[in-house]
Amino acid sequence: MNRRFDAPGAAETARAIAEGRTTSEAAVDACLARIAEREETVRAWAFLDPDLALAQARARDEAATPAGPLHGVPVGIKDIFDTADMPTEMGSPIYAGYRPAADAAAVAILREAGAVILGKTVTAEFAGTHPGSTTNPHDPARTPGGSSQGSAAGVADFMVPVALGTQTGGSVLRPSSYCGIVGFKPGFGTFNRAGIKFAAESLDTIGLHARNLEDAALVRDVLTGRTPDGIAPLPGPPGIGVCRTHLWHLAEPETVAAVEDASDVLGRAGAAVDEVTLPAAFEALTDARRAINDYERARAMAHEWRTDRERLSPAMRKTVASGLAVPYADYRRALALTEDCRRLLDGLFGDRDALLAPAVDGEAPPGLDYAGDPAFQALWTMLHVPAITIPTHRGPNGMPVGIQLVARRGADDRLLSVAEWVWARCCI
């Protein structure tokens, strides 16, 4: 990636438009110019119509009053969200050229707040494991992660300030870590999911890709109907529990170094750092997630399985077949175990503001056929807690390696405040 290139984020763009220092058309045109320069390499976009994007921008500029906090700001949308004026193809030939009648709820809310929907970003097939063609902006021979690969890569390569993604296992945090940006997965159900293609309905969470925390907080506020007022500063150093989890043996040396270094730096900066060990029951969540994911995925894909099975990838056919073979009783037991672990985790936080955990197993793997291991993100997705990755470290090949911060259920605001405090002290 051209590391000398820089571009304003969403909040800065919104301020500049509001103050008359730039226009929405200029902001969109700058994104389109960057895409024209880099898209052949990065391949982040599933659909892009420059004329449509510029028409939206000109309409914003001609409006008598600003539409809302994102007035004129370009935003990317993962291609599993319905969009009334753009195709929604979901990374599958089954939906080639498909035009929904209405926007997904999140897209409509962004438009109402003044955002310009720049285009649709590449997704893995139905937000699953069969990846699209997107490359990592830091090294095109490496994966950007999945399944929100186009959103993460597009933001990381300065093609768009912010983008929507979704996370069922690790599809927001993993590509964000691999691409060196902020990935924010709020608590389960924070953002309305109407108009997206479900993968696993009890796990799917809409998340955000951004280059800074201010932008993530701004879009979060818009999508939840709050008046944007920034991230509240912490009154003092936070309490942070280092939680390596039962998956620690999967961590590559660069992830081990990132967690250990962050722990040391934050402790020296005044944070109350201690160790947190999850109860043994959490070790069963890996198998429970597989049962839940596959069972629910098989039901979500019932139409495609019945009518277009041969046009599904081998990986998707395997997942659906696996899900159809999961007994209902096993599925219910997996749900019950997961809910038990959620309650256990609520009690583990105590006075701690957040947990520090591995974000990924290591650097983005070479090749584009494998989008990386979701285990370190999927654990927290199952627990319905808010989680965020921030780009704090690099691996032996110079690739980004983020750390993950996790807060208790309902503590999304606190998580953003802690993340801001941590990032100011731990940076690449």
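Predicted model only: the values in this text are computed from it and were never measured.
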### Query
Does the pair Glu89 and Arg99 meet the rule for a salt bridge (Lys or Arg N to Asp or Glu O under 4.0 Å), with working shown?
CA-CA 8 Å; Glu89 299 183 334; Arg99 293 271 183 162; over 6 Å; no
### Message
Under the criterion salt bridge (Lys or Arg N to Asp or Glu O under 4.0 Å), I'd like the reasoning laid out for Asp82 against Lys197: C-alpha separation, chi angles, the key distance, then a yes or no.
### Response
CA-CA 8 Å; Asp82 283 349; Lys197 177 67 172 177; over 6 Å; no
### Task
Using the salt bridge (Lys or Arg N to Asp or Glu O under 4.0 Å) rule, take Asp294 and Arg297 through it: C-alpha gap first, then chi angles, then the decisive distance, then the call.
CA-CA 5 Å; Asp294 292 2; Arg297 168 72 82 173; over 6 Å; no
### Message
Between Arg220 and Asp413, does the salt bridge (Lys or Arg N to Asp or Glu O under 4.0 Å) criterion hold? Intermediate values first, please.
### Response
CA-CA 10 Å; Arg220 184 278 309 263; Asp413 288 358; 2.7 Å; yes
### Message
Using the rule given for side chain to side chain donor-acceptor pair (under 3.5 Å), can you reason through Asp204 versus Thr168, listing the C-alpha separation, both sets of side-chain angles and the distance that settles it, and then say yes or no?
### Response
CA-CA 4 Å; Asp204 292 345; Thr168 305; 2.4 Å; yes
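The CG atom of Leu345 lies 5.5 Å from the CG atom of Leu383; values are rounded to the nearest 0.5 Å. Remark: Ile403 CD1 to Trp423 CH2 distance equals 10.5 Å, nearest 0.5 Å. Atom NE2 of His246 and atom CG of Leu285 lie 6.5 Å apart (nearest 0.5 Å). A distance of 9.0 Å separates OG in Ser177 from CG in Asp361, rounded to the nearest 0.5 Å. Taking NE2 of His209 as the start and SG of Cys179 as the end, the distance is 9.0 Å to the nearest 0.5 Å. One distance of note links CZ of Arg394 with CE of Met399; it measures 8.5 Å at 0.5 Å rounding.
When side chains are defined from C-beta on, Arg342 counts as touching His384, because their heavy atoms get closer than 4.5 Å.
Atom CD of Glu275 has more than 12 neighbouring heavy atoms from other residues, nucleotides or ligands inside a 6.0 Å radius. Other residues, nucleotides and ligands contribute over 12 non-hydrogen atoms within 6.0 Å of the CD atom of Glu339.
With Thr135 contributing its side chain and Thr41 its backbone, the two residues share a donor-acceptor pair below 3.5 Å. Between the side chain of Ser148 and the main chain of Gly165, no donor-acceptor pair closer than 3.5 Å is present. Looking only at distances, a side-chain donor or acceptor of Gln149 sits under 3.5 Å from a matching main-chain atom of Gly132. Of the possible donor and acceptor atoms, one in the side chain of Arg34 sits under 3.5 Å from a partner among the backbone N and O of Asp157.
A salt bridge is absent between Asp346 and Arg343; no separation between the charged side-chain nitrogens and carboxylate oxygens falls under 4.0 Å. Here Glu420 does not pair with Arg425 in a salt bridge; the nearest charged N to carboxylate O distance is not below 4.0 Å.
A search for salt bridge (charged side-chain N to carboxylate O under 4.0 Å, His left out) contacts involving Arg311 returns Asp308, not counting sequence neighbours.
A side-chain donor-acceptor contact under 3.5 Å links Glu125 and Ser313. Checked by atom type, the side-chain pair Asp139/Asn136 shows no donor-acceptor distance below 3.5 Å. Under the 3.5 Å distance criterion, with hydrogens and angles disregarded, no donor-acceptor pair is assigned to the side chains of Thr381 and Lys185. Neither side chain, Thr83 nor Asp103, offers a donor N or O lying under 3.5 Å from an acceptor on the other. Inspection of the Ser151 and Lys78 side chains reveals no N or O donor paired with an N or O acceptor under 3.5 Å. In the model, Glu296 has a side-chain atom that pairs as donor or acceptor with a side-chain atom of Tyr331 under 3.5 Å.
Taking the ring axis of Tyr295 as reference, the NZ or CZ atom of Arg299 stays within 45° of it and closer than 6.0 Å to the ring centre. Taking the ring centre of Trp45 as origin, the terminal cationic atom of Arg43 falls outside the region bounded by 6.0 Å and 45° from the ring axis.
Among pairs with a residue in residues 356-377, none fulfils ring-ring contact (aromatic ring centres under 6.0 Å, His included), at least two apart in sequence or across chains.
Remark: of the listed residues Leu356, Thr277, Asp274, Leu356 is the sole one forming a side-chain contact (heavy atoms from CB on, under 4.5 Å) with Val242. Of the listed residues (Asp85, Val116, Leu70), just one forms a side-chain contact (heavy atoms from CB on, under 4.5 Å) with Arg111, and that residue is Asp85.
Under the 30°/60° scheme for interplanar angles, the aromatic rings of Tyr98 and Tyr95 are found to stand perpendicular.
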